[in-house]
Amino acid sequence: LDPLLHVKKIVTFLPNIRWQCGFTGSNGLLVLHPAGNHFVTDGRYETQAGQEVVGATVHVARNGLWEYVAAAGLLDGDETVQVQAEYLTLADLNKLRQLFPTLQVAPVERMLDVAVACKTPDEVARIQAAQRLSEAVLAEVLAGLRPGLTERAVAAEIVYGHLRRGAERMSFDPIVASGPNSALPHARPTDRVLCPGDVVLLDFGCFLDGYASDMTRMAVLGEPTPEVLEVYQVVQMAQEQAIGAARAGMTTKALDAVAREVITAAGYGEAFPHSLGHGVGLQIHEWPSVSWRTEDILPENAVITIEPGVYLPGRFGIRIEDLVLLKPDGCVRLTAVSNELQVLVQ
Ligand code: ZN
Ligand code: ZN
């Protein structure tokens with residue numbers, strides 16, 4: 001028997017609150033306990049919380065959430081509670097200690113991460129719908145991509161294309177990186193004007209129905225140079241091998257290594273400085289990080305990105321990113337568009 005089974009858990013991270021009970025507002029805390037869950041928010045969200053929250057009693061605080069927790073007796077004051085180590089602020093902790101001087105506060109890392117990572121079929125469908133929307137925008141943007149546009153103008157089209165099709169918002173500021181800017185793994189769009197022969201890296205996604213999409217595709221304005229083609233084939237091979245190997249039960253480190261070995265064997269190991277991928281869901285970046293630095297077991301029904309890259313400073317960079325759903329015997333690609341280099345001959 002787990003002695004911690006009856007210990008209360010306090011959830012303060014909003015995406016986790018949403019995942020657990022459905023609340024989409026900007027202020028609240030959730031007390032989880034087998035005898036009954038309690039959600040506390042402020043007066044602005046009284047109606048919304050009543051409509052959204054499932055599986056917890058809704059409370060509306062008039063004078064601060066923690067003060068309400070104390071006044072309503074949602075904690076005993078003389079017990080152990082688990083809190084989210086990464087998300088409970090020092091201000092929250094000070095408040096807890098003031099209001100409950102004998103409370104034992106036990107910080108827990110990654111309290112809900114594994115549970116959040118395992119998607120239901122409904123969650124997978126929402127991620128896929130967001131991805132389809134982004135793919136429609138990609139087709140439109142590729143059709144209009146030409147020398148003379150600035151990176152910022154292309155980024156603006158990406159944002160407008162998503163919002164016009166009903167996306168809630170972008171899942172992050174779109175990356176449009178042309179020519180040598182593509183060698184910066186996290187480039188921001190600039191006023192650089194696209195030129196004939198440029199490589200263009202496009203990395204974007206949106207939120208639809210709460211869930212995120214994420215994709216990176218590469219275009220070249222004209223015929224690619226032999227070097228661009230060579231590096232593209234290496235990155236594509238690394239991605240294909242990783243997608244072929246990805247399955248639930250393997251470690252994040254082992255999956256990262258599949259792609260990294262392909263890139264290293266081709267002589268570009270030093271030019272792949274980031275991890276292979278990340279979880280996607282209610283947040284654009286979720287646990288697990290698929291990296292040589294982590295050794296987590298990939299859970300069944302997790303949705304992760306597979307995004308190897310090679311970046312040659314001052315020249316160009318290549319990244320290709322797809323979404324996959326992990327199963328015990330392999331993975332299902334959630335990205336429907338081809339991962340081929342888009343050669344746009346004007
Ligand atoms: Zn991305
Ligand atoms: Zn990503």
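Remember, it's 1-based here, ligands and their atoms both numbered in the order they're listed.
- Angle NE2 (H278) to the Zn ion (ligand 2) to OE2 (E321): 120°, rounded to 10°.
- Put simply, the side chain of E151 gets close to the backbone of S178: a donor and an acceptor are under 3.5 Å apart.
- For the pair R62 and Y68, the NZ or CZ position fails the cation-pi test of under 6.0 Å to the six-membered ring centre and within 45 degrees of the ring normal.
- The Zn ion (ligand 2) forms the vertex of an angle spanning OE2 of E307 and OD2 of D214; to the nearest 10 degrees it equals 150°.
- Nearest N/O/S atom of D203 relative to the Zn ion (ligand 1): this is OD1.
- In this model, a donor atom of one side chain and an acceptor atom of the other lie less than 3.5 Å apart for N339 and E240.
- In this structure, E286 and D113 have side chains that are not in contact, with every pair of non-hydrogen atoms separated by 4.5 Å or more.
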